[in-house]
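Model, not experiment: these values are computed from the prediction. When reading the values below, keep in mind they use all heavy atoms of this one structure, side chains included, and skip hydrogens, waters and symmetry mates.
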Amino acid sequence: MKRIWTIIGVADVPQSFAWYRSLLGLPAAAPAHDYFGQIVDSDGTVLLCLHAWGAHEHPTLTSPRNATPGNGLLLFFRVDDFELALPRARALAERLDEEPHVNPNTGTMEFSLRDPDGYYVTISALAS
C-alpha cells in the first residue's frame with residue numbers, strides 16, 4: 001500500500017484545521033502544532049496536511065506571495081456523506097464556487113468551494 005500526504009501552505013493552521021474538520025464531518029479537535037496539522041479520517045488515513053507558511057524553511061512553503069495558493073492544485077475529496085457535507089459547506093462559505101451537479105466523468109454528485117486560503121476544494125459523492 002502506498003499513500004500520498006498532500007501538504008498545503010496555510011496562513012492559520014488552527015483555523016484551517018477546524019474548517020476542514022467541519023467540512024468533512026470530523027469531530028472537533030486541535031492540530032498537533034500551531035504550524036502543522038493533519039486532517040485524519042476515522043480509519044487513520046491522512047487526508048490532508050496543513051503547514052504554516054514560512055515555517056521550517058521549506059522552499060515551496062516560504063510565502064503565499066511567491067505564488068497564488070492553489071494554482072495548479074485541486075483538492076478533491078470523495079465522501080460517503082454527501083447529503084450532510086453540503087449543509088456543512090454552506091455554513092463555512094459565503095457561496096459555493098460550483099453548486100451541486102453530476103460530474104459527467106465520475107457520474108457522481110459534487111460541488112466546489114474555496115477554503116480560507118483560497119484553495120479550490122471539490123466534494124464528490126463516493127457513490128452515485
Return the minimal non-hydrogen interatomic distance between [X] and [Y], and the atom names on each side.
{"X": "Val13", "Y": "Gly37", "answer": "CG1-N, 3.8 Å"}
{"X": "Ala85", "Y": "Ile123", "answer": "CB-CG2, 4.0 Å"}
{"X": "Pro14", "Y": "Asp34", "answer": "CD-O, 4.0 Å"}
{"X": "Gln38", "Y": "Phe17", "answer": "O-CE1, 3.2 Å"}
{"X": "Leu24", "Y": "Arg88", "answer": "C-NH2, 3.5 Å"}
{"X": "His101", "Y": "Glu98", "answer": "CE1-OE2, 3.5 Å"}

Qualifying side-chain hydrogen bond (donor to acceptor under 3.5 Å, both in side chains) pairs with a residue from residues 9-27, counting only residues at least two apart or across chains:
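Counting only pairs at least two positions apart or across chains, the side-chain hydrogen bond (donor to acceptor under 3.5 Å, both in side chains) contacts touching residues 9-27 are Ser16-Asp117, Tyr20-Asp115.
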
Should [X] and [Y] be regarded as members of a common hydrophobic cluster, given that ILVMFWY residues are connected when their side-chain heavy atoms come within less than 4.5 Å of each other, either directly or indirectly?
{"X": "Val102", "Y": "Leu86", "value": "yes"}
{"X": "Leu50", "Y": "Phe77", "value": "yes"}
{"X": "Tyr120", "Y": "Leu23", "value": "no"}
{"X": "Phe36", "Y": "Leu48", "value": "no"}
{"X": "Tyr35", "Y": "Val10", "value": "no"}

Ignoring hydrogens and geometry, is there a side-chain-to-backbone donor-acceptor pair from Tyr119 to Gly9 under 3.5 Å?
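Present.
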
Under a 3.5 Å distance rule, please check whether Asp41 uses its side chain to pair with a backbone N or O of Asp43 as donor and acceptor.
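No: the side chain of Asp41 does not pair with the backbone of Asp43.
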
Distance check, rounded to the nearest 0.5 Å: [X] atom [atom1] versus [Y] atom [atom2]?
{"X": "His51", "Y": "Ile8", "atom1": "NE2", "atom2": "CD1", "answer": "12.0 Å"}
{"X": "Ile39", "Y": "Cys49", "atom1": "CD1", "atom2": "SG", "answer": "9.0 Å"}
{"X": "Asn103", "Y": "Ser124", "atom1": "CG", "atom2": "OG", "answer": "6.5 Å"}
{"X": "Leu75", "Y": "Thr122", "atom1": "CG", "atom2": "OG1", "answer": "8.5 Å"}
{"X": "Leu47", "Y": "Arg3", "atom1": "CG", "atom2": "CZ", "answer": "10.0 Å"}

For atom CD of Glu94, decide whether the heavy atoms of other residues, nucleotides or ligands shown that lie under 6.0 angstrom number more than 12.
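Incorrect, the count does not exceed 12.
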
In terms of relative ring orientation, are Phe82 and Phe111 parallel, tilted or perpendicular, with 30° and 60° separating the classes?
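Judged by the thresholds at 30° and 60°, the geometry between Phe82 and Phe111 is tilted.
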
Considering only NZ, NE, NH1 and NH2 on the basic side and carboxylate oxygens on the acidic side, decide whether Arg78 and Glu110 come within less than 4.0 Å.
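Between Glu110 and Arg78 there is no salt bridge, as every charged N stays at least 4.0 Å from the carboxylate O atoms.
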
Those residues that, when tested against Glu83, pass salt bridge (Lys or Arg N to Asp or Glu O under 4.0 Å) (two or more places apart):
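For Glu83 there are no salt bridge (Lys or Arg N to Asp or Glu O under 4.0 Å) partners, ignoring immediate neighbours.
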
